[in-house]
Amino acid sequence: MEYRRVGNSGLKVSVLSVGGWLTFGNTVDTDTTREIIRAAVDQGVNSIDLADVYAKGEAERVVGKVLGDFRRSDLVVASKVFWPMSDAITDRGLNRKHIFESIDRTLKNLRVDYLDIYYCHREDPETPLHETMSAMNDLIRVGKVLYWGTSMWQPKSLQSAHALATDRGLFAPIVEQPQYSLLHRWVEKKIMPTVTQLGMGLMIWSPLAGGILTGKYCDGVPSGSRGAATPRWVEEDLTAENIERVKMFCKLAKEMGVLPGPLAISWLMHRPEVSSVILGATSRKQIEENLEAAHVKLPESVDTQIRKIFRA
């Protein structure tokens, strides 16, 4: 397993991470979660990515039952804050009250004393940026959080955060977490130049575009798939043009003797701006299959073909 620094920070994460969006505490029970995390850690994964909103806290609680199997210092554990956790008007956003109450709930759920990375899960136009950053700064000062990051923030907001950090002597975000895959390459032009300039890392979510890049939707939506259970996460990408692209990609993968999923993940890993690619899984077999991406070679000729198939 390869390990990379998160931007210009000293924190190192495995180039592949395991995440719990739509799986842990939802479609995946505690025993299977333990199998998935154990399989990942056994292959060198040290990074676990969650959010308080995943299964309304159940993802954190389930993973909390598993983390005791490992030495805490060996893992980089991340969660996120922003989305509503109840109907209460105070139980949402990036204001100081919600951040301070959410971190305590998250730490209790995970049964840990601190998070390695705490993400602002989206931007909050109703809260001054300085208020959010001051809260994150205080969490770092008291040791509940070691680093903080952002997810799906705009370049202008990232620049403002770093400028404010310099001006006020606050900790700046070290990492941005965008959606990025062969079907969603807008990150390359819109986000990468800014995070590179600011010295931030990139942790990528949905690298397989909801499973579309595995080829399993090429002949329709199979029962039991994410597309069948939560169609809104894949339906806008299931266009005739994208299906044809994926078919060409699957043919290329077959010619290489690899599965399309690991090939799509490997392509992301070869971007030097990427610190880690977050993998979701519903079984030990699936996480082991996706972890094969760490061993996939990507010759320049193959990279060129892939870029032609999925033009940015």
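Keep in mind that what you see is a predicted model, and the values were worked out from it rather than measured.
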Side chain His270, main chain Ser266, donor-acceptor under 3.5 Å: yes
task: Output yes when a side-chain donor or acceptor of Thr33 lies under 3.5 Å from a complementary backbone atom of Asp29, and no otherwise.
output: yes
message: Tell me if the centroids of the rings in Phe249 and Phe310 come within less than 6.0 Å of each other.
response: yes
message: I need the minimum non-hydrogen distance between Arg72 and Val77, along with the two atoms involved.
response: NH1-CG2, 3.7 Å
message: Please verify the inter-ring angle class for Tyr54 with Trp21; under 30° counts as parallel, over 60° as perpendicular, anything in between as tilted.
response: tilted
field: Donor-acceptor contact present, side-chain Thr127 to main-chain Asp124, <3.5 Å
entry: no
task: Kindly say whether Ser14 contributes a backbone atom to a donor-acceptor pair with the side chain of Asn46 at under 3.5 angstrom?
output: yes
message: Check for me whether Arg38 meets the cation-pi criterion with Phe70, that is, NZ or CZ under 6.0 Å from the six-membered ring centre and within 45 degrees of the ring axis.
response: no
query: When hydrophobic residues are tied together by side-chain contacts of less than 4.5 Å, even through go-betweens, does Met269 share a cluster with Leu259?
result: no
task: Establish, from distance only, whether the side-chain atoms of Thr282 and Gln286 form a donor-acceptor pair under 3.5 Å.
output: yes
message: If I compare all heavy atoms of Gly201 with all of Ser275, which pair ends up nearest, and what's the gap?
response: CA-OG, 3.4 Å
message: Taking Lys144 first and then Asp138, would you say they form a salt bridge - that is, a charged N and a carboxylate O separated by under 4.0 Å?
response: no
message: I'd like to know if the side chain of Arg92 reaches the main chain of Ala88, judged simply by a donor and an acceptor atom lying under 3.5 Å from each other, with no hydrogens or angles considered.
response: yes
query: Can you name the nearest heavy-atom pair linking Cys120 to Met136, along with the distance?
result: SG-CE, 3.4 Å
task: Can you see which heavy atom on Ser17 is nearest to which on Ser276, and at what distance?
output: OG-OG, 2.6 Å
task: Output yes when Arg61 and Glu58 qualify as a salt bridge under the 4.0 Å nitrogen-oxygen rule, no when they do not.
output: yes
query: Is there a chain of hydrophobic side chains (I, L, V, M, F, W, Y, each step under 4.5 Å between heavy atoms) that links Ile48 to Leu115?
result: yes
- request: Consider only side-chain heavy atoms of I, L, V, M, F, W and Y, link residues closer than 4.5 Å, and tell whether Val62 and Leu110 are in one cluster.
  value: no
